[in-house]
Amino acid sequence: LLMRGPDDRSLREGVLARAKNAEEAFRDIAVAIANANPALEPAVQFNGVSIADVQRQLPAGSILLRHVLTSRSVFLFAITNSKSAVHVAAVDRERLHGYIADYATTIRQLEALSDSPAVQRMPLEDRVQELSTQLYAALIRPVDHVLAGALNVVVVPDGEISRVRIHALRRSGQGTQY
């Protein structure tokens, strides 16, 4: 098209037809993968919606972040309007569920003690910081470099992850930034 110019209608239509055929072939492959092994479905489509469909809907500067838990790891899908990446955190489902349950319980305890003296709250605040660091390592750190330039991050929580305040997780140490 660059050599012949944008006015070459037959060439342009041919390129568009090939692109459409390739898109349909990729969609068929994604369906075949999901049918062959349902555990791999989140890697190729989100409940029937392809990654390419998601990319077309994302505005510039936005990132969609989705976590997929497996028995031995967490897969993190980071999708922008121009690229997609998959990163892995080596934390097993049992341990992650334990962190999440403990985090939710500790947050509730802190909220119940909101009017209490700081001395009573300090051990719980330390525990929240510790759990926040563990959850950050599993749910954010693998894609931290991808999120650095984002203007908007949309998180699609999977199951129990929806109990975690992803926006409030901290790297490590007291006083670190969200």
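The line from CD of Gln129 to CD of Gln134 is 10.5 Å long, rounded to the nearest 0.5 Å. Note that CG of Asp126 is 11.0 Å distant from CG of Leu131, once rounded to the nearest 0.5 Å. The CD atom of Gln57 sits 11.0 Å away from atom CG of Asn81, with the distance rounded to the nearest 0.5 Å.
Shown here for Leu76 and Ile140, the closest heavy-atom pair between the two residues is CD2-N, 4.3 Å. Residues Val68 and Phe77 share a closest heavy-atom pair of CG2-CE1, 3.6 Å. Heavy-atom minimum distance, Ile100 versus Arg163: CG2-CB, 4.1 Å. When all heavy atoms of Pro142 and Ala137 are compared, the pair lying nearest together is CD-O, 3.4 Å. Of all heavy-atom pairs between Leu110 and Arg121, the closest is O-NH1, 2.9 Å. Of all the heavy atoms in Ser132 and Ala168, the pair that sits closest is OG-O, 3.8 Å.
Using a 4.5 Å cut-off on side-chain heavy atoms (C-beta onward), Val143 and Leu65 make contact. Contact check for Leu147 versus Ile63: side-chain heavy atoms found under the 4.5 Å cut-off. Annotation: side chain of Val128 is in contact with side chain of Ile107 (closest heavy-atom distance under 4.5 Å). Under the 4.5 Å side-chain criterion, counting only non-hydrogen atoms from C-beta, Leu139 is not in contact with Val155. In this structure, the side chains of Ser84 and Gln55 come closer than 4.5 Å at one or more pairs of heavy atoms. Residues Asp102 and Arg127 are in side-chain contact: their nearest non-hydrogen atoms beyond the backbone lie under 4.5 Å apart. Between Leu135 and Arg165 there is no side-chain heavy-atom pair separated by less than 4.5 Å. Side-chain contact check for His87 versus Val146: some heavy-atom pair is nearer than 4.5 Å.
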Run Leu169 and Thr133 through side chain to side chain contact (heavy atoms under 4.5 Å, CB included) and show every step you take. CA-CA 7 Å; Leu169 296 180; Thr133 301; over 6 Å; no
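Salt bridge Arg141/Asp144: absent, no basic N to carboxylate O contact under 4.0 Å. Salt bridge Glu111/Arg108: absent, no basic N to carboxylate O contact under 4.0 Å.
Looking at Ser62, its side chain never comes within 3.5 Å of a backbone N or O of Leu58 through a donor-acceptor pair.
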